[in-house]
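Just the heavy atoms: all of them, side chains too, but no hydrogens, waters or symmetry mates, feed the values below.
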Amino acid sequence: NRLKDAIEVAKTGLRNVTYYYSSVEGWRGRLKASSLPRWLNETFINSCHVLTTNSFYTREGRYGLSESAGNQPAGLLYLRRYHALGSSLFFPRFEDQELATFGAAEDLLLEKRFPQYMGRGCLHQPDFKNVDSLQVDLVSEFVLSAYRNFCFTGNLARLRSLLPRLQEAMLLANGRDKDGDGLPEIAPLHQTYDGVVLQGLNVITCGSWMAALSAYVRIAEQARQREEAELYVAVLQRASRSF
């Protein structure tokens, strides 16, 4: 708005290039020098997506992330592994709030499925429609989010509060393993996050499921649920061989 055309923009950029470079290096340097893991520093530097740039906070105290300012769905369970890093590190109260909302949003008519998101432009209309093929992915997202948050905060009480829903989630996904190979069967047509349609088992869903199995075993151990941990250790062993 301040410059009349692209040529003037370029000239201004060239005149101030040293200032711009040092400014950027300044905030990058603070991240690099921090105690955060190197991979996370690089993620923050390379993408503003994980800095929680688009979110909803309602008068009733509901909190949820949206993928972008122009994308209406809010409270996105299926993007949490990378989408909620910023909130889980810097806004843990909001992160706990959103995860608890997913845990409470039960589709009681259909095996207590998870919603794909919590509403369009709102956080009180969870969408359970047409997400049957995504359930194993959604379970993995929920379990991995809960365990990641525990690793970041050490809040065992919060983890225990989610345990009943985590148990239901694991039963939901594991119950879809019809041939006993440790890998849940999914709907005949499965659409990945990039819109690629796959048939049958795929490495994305199966890989996420195995990560969730490993995380849930550790959750059960932390909660002193020995039998639960042993059950899913056996499932993980079968899944690893099948994978």
Side-chain angles (χ1 to χ4, degrees), residues 27 31 34 36-37 39-107 112-131 133-155 158-159 161-162 165-166 168-169 172-173 191-195 204-205 208-209 211-212 215 219:
W27 67 259
L31 278 172
S34 75
L36 293 172
W39 64 267
L40 186 57
N41 291 335
E42 292 174 355
T43 301
F44 279 133
I45 288 168
N46 291 321
S47 173
C48 64
H49 192 128
V50 294
L51 292 177
T52 319
T53 56
N54 307 286
S55 57
F56 286 72
Y57 185 48
T58 72
R59 186 177 298 168
E60 296 79 19
R62 298 174 187 265
Y63 174 83
L65 291 168
S66 183
E67 187 170 11
S68 67
N71 198 2
Q72 288 185 345
L76 300 161
L77 179 54
Y78 64 100
L79 296 179
R80 298 205 96 256
R81 263 168 290 182
Y82 65 91
H83 193 59
L85 274 172
S87 55
S88 57
L89 279 169
F90 303 118
F91 309 101
R93 181 169 63 87
F94 286 157
E95 166 68 9
D96 290 341
Q97 212 167 23
E98 186 177 35
L99 205 58
T101 301
F102 286 122
E106 296 182 3
D107 184 10
K112 298 186 178 180
R113 297 184 308 167
F114 284 94
Q116 188 170 1
Y117 53 82
M118 293 305 299
R120 284 190 172 274
C122 67
L123 294 168
H124 62 277
Q125 296 175 346
D127 179 56
F128 293 99
K129 302 184 296 295
N130 304 320
V131 293
S133 63
L134 271 179
Q135 284 305 305
V136 179
D137 291 301
L138 296 177
V139 165
S140 297
E141 295 277 2
F142 185 70
V143 172
L144 289 169
S145 293
Y147 184 62
R148 177 195 62 199
N149 294 350
F150 172 71
C151 289
F152 284 171
T153 66
N155 192 328
R158 189 59 45 80
L159 189 66
S161 71
L162 290 172
R165 189 63 173 118
L166 289 165
E168 289 177 349
L172 189 161
Q191 184 168 314
T192 67
Y193 304 138
D194 294 323
I204 300 173
T205 299
S208 299
W209 168 241
I219 290 172

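A salt bridge links Arg80 to Glu95: at least one charged side-chain nitrogen sits closer than 4.0 Å to a carboxylate oxygen.
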Working note: His83 + Tyr78, criterion side chain to side chain contact (heavy atoms under 4.5 Å, CB included); need CA distance, chi angles, decisive distance, verdict.
CA-CA 9 Å; His83 193 59; Tyr78 64 100; over 6 Å; no

Between Phe114 and Phe142, is a ring pair (Phe, Tyr, Trp, His ring centres under 6.0 Å) present by the stated rule, with each step listed?
CA-CA 9 Å; Phe114 284 94; Phe142 185 70; 4.9 Å; yes

Check the pair Leu85, Phe152 against side chain to side chain contact (heavy atoms under 4.5 Å, CB included), reporting the backbone distance first and the verdict last.
CA-CA 10 Å; Leu85 274 172; Phe152 284 171; 4.3 Å; yes

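Using a 4.5 Å heavy-atom cutoff, the side chains of Leu166 and Val143 are in contact. Side chains of Ser87 and Leu65 form a contact here, defined as non-hydrogen atoms less than 4.5 Å apart. Contact of the Arg158 side chain with the Thr153 side chain is not registered, since no non-hydrogen atoms from C-beta on lie closer than 4.5 Å. Between Thr101 and Leu123, the closest side-chain pair of non-hydrogen atoms is not below 4.5 Å. Using a 4.5 Å heavy-atom cutoff, the side chains of Arg81 and Ser208 are in contact. Looking at heavy atoms from C-beta onward, Lys129 lies out of side-chain contact with Gln116 at the 4.5 angstrom threshold. Counting only heavy atoms from C-beta outward, the side chains of Arg62 and Gln97 never approach each other to under 4.5 Å.
Taking every heavy atom of both residues into account, Asn149 and Ser88 meet most closely at OD1-CB, 3.4 Å. Contact detail for Gly64 and Glu98: the closest heavy-atom pair is CA-OE2, 3.2 Å. The minimum heavy-atom distance linking Arg148 with Ala84 is given by the pair NH2-CB, 3.6 Å. Heavy atoms only, all atoms of each residue included: Ala74 and Tyr117 are closest at O-CB, 3.6 Å. Across every non-hydrogen atom of Trp209 and Ala173, the tightest pair is CZ3-CB, 3.4 Å. Listed here is the closest heavy atom pair of Ala105 and Pro115: O-CD, 3.7 Å.
In this structure, Leu99 CG and Ser161 OG are separated by 9.0 Å, a value rounded to the nearest 0.5 Å. Between atom CG of residue Leu89 and atom CG of residue Leu36 there is a gap of 6.0 Å, rounded to the nearest 0.5 Å.
Ring geometry, Phe94 versus Tyr63: the interplanar angle falls under 30°, so the pair is classed parallel (tilted spans 30 to 60°).
With Arg113 as the partner, the side chain to side chain contact (heavy atoms under 4.5 Å, CB included) test is satisfied by one option alone out of Val139, Leu138, Asp107: Asp107.
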